[in-house]
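Structure record follows, encoded as structure tokens.
Proteins get letters first, then strands, A, B, ... in listed order; numbering begins at 1 in each. Computation of the quantities below employed the complete heavy-atom set of this structure, encompassing side-chain atoms and omitting hydrogens, waters and symmetry-equivalent molecules.
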Amino acid sequence: MQYWLFKSEPDTWSWDQQVAKGEEGEEWHGVRNYQARNNMRAMKIGDRGFFYHSNIGKAVVGVVEVCALSHPDSTTDDPRWDCVDIKAVEPLKRPVTLDEIKADPRLAEMVLVKNSRLSVQPVTEAEWKLIRELGGL
DNA sequence: GCCAACGTTGGC
DNA sequence: GCCAACGTTGGC
């Protein structure tokens, strides 16, 4: 089991919209970055991830699960771009903001801090547990 | 809305 | 294969 973090601008696709999709889940399309795509290709069914709101809110707001392996992105004919499907599992009891993450030395090595532009990123088990705790889970 | 950081593209 | 130009992301 590996852990990940998915970034989305809530204006484009929010946690609420993800929750509304329920068990069906949603294709994480639109990624046009090789590193992010490679991360999705490495995902397995049942892997867990954080759902992060960028720009507005700037916080981890929920937990998602990978429910379909990497497949061609339906929004493009370009064969380079693949994506997985994810479904909402549970919200954090309280969002963990970027400010909090940056303020915690234990999270200083997070990709979110180190490479803030990568939209799909790996999360270590230690980071996973800590953010869940900070989020009241 | 600005701009720094970063990734991608394309000419050479 | 290098690198300048350009586009995009995302924090502020």
Side-chain angles (χ1 to χ4, degrees):
Chain A
M1 157 92 72
Q2 285 188 270
Y3 303 104
W4 309 96
L5 183 144
F6 297 85
K7 276 200 305 209
S8 183
E9 294 187 36
D11 275 353
T12 307
W13 183 255
S14 70
W15 170 250
D16 286 345
Q17 285 171 287
Q18 184 68 52
V19 169
K21 276 282 178 175
E23 283 296 304
E24 186 192 340
E26 174 75 4
E27 187 183 76
W28 201 254
H29 53 234
V31 171
R32 300 291 181 265
N33 170 284
Y34 293 107
Q35 250 185 296
R37 181 208 62 188
N38 291 344
N39 286 335
M40 287 199 282
R41 285 184 174 174
M43 290 178 191
K44 298 192 172 61
I45 300 282
D47 276 2
R48 293 283 169 109
F50 287 129
F51 193 105
Y52 175 81
H53 276 168
S54 63
N55 284 321
I56 303 168
K58 281 178 291 178
V60 175
V61 291
V63 173
V64 295
E65 183 175 310
V66 175
C67 62
L69 292 176
S70 179
H71 57 81
D73 183 331
S74 72
T75 61
T76 177
D77 290 332
D78 192 327
R80 289 178 299 172
W81 306 121
D82 295 338
C83 61
V84 297
D85 291 8
I86 59 173
K87 66 181 182 186
V89 174
E90 59 183 341
L92 298 195
K93 292 213 174 70
R94 45 169 226 98
V96 177
T97 65
L98 182 61
D99 284 348
E100 288 176 82
I101 289 170
K102 283 186 164 172
D104 194 320
R106 292 168 297 177
L107 296 172
E109 294 301 314
M110 269 194 85
V111 181
L112 193 65
V113 177
K114 291 264 167 175
N115 180 5
S116 64
R117 293 191 45 190
L118 186 60
S119 61
V120 179
Q121 29 179 281
V123 171
T124 67
E125 191 172 357
E127 291 161 355
W128 179 261
K129 286 179 174 165
L130 187 52
I131 290 178
R132 281 180 60 91
E133 276 176 33
L134 293 173
L137 294 181

query: Going by the salt bridge (charged side-chain N to carboxylate O under 4.0 Å, His left out) test, which pairs reach into residues 29-38 of chain A, not counting sequence neighbours?
result: A:Arg32-A:Asp73

- line: Span of DNA chain C engaged by chain A, first through last nucleotide within the 4.0 Å heavy-atom cut-off, is C:dG7 to C:dC12

message: Looking at every non-hydrogen atom in both residues, tell me the closest pair between A:Pro10 and A:Ile56 and how far apart they are.
response: CG-O, 3.4 Å

query: Are the side chain of A:Asp82 and the backbone N or O of A:Ser70 linked by a donor-acceptor pair below 3.5 Å?
result: no

task: Indicate the ring-plane relationship of A:Phe6 and A:Trp28, choosing parallel, tilted or perpendicular according to the 30° and 60° boundaries.
output: perpendicular

- prompt: Hey, which of these two, A:Arg117 or A:Ser54, hits DNA chain C nearer its 5' end, going by closest nucleotide?
  reply: A:Arg117

message: In this structure, is the centre-to-centre distance between the rings of A:Tyr34 and A:Trp81 below 6.0 Å?
response: yes

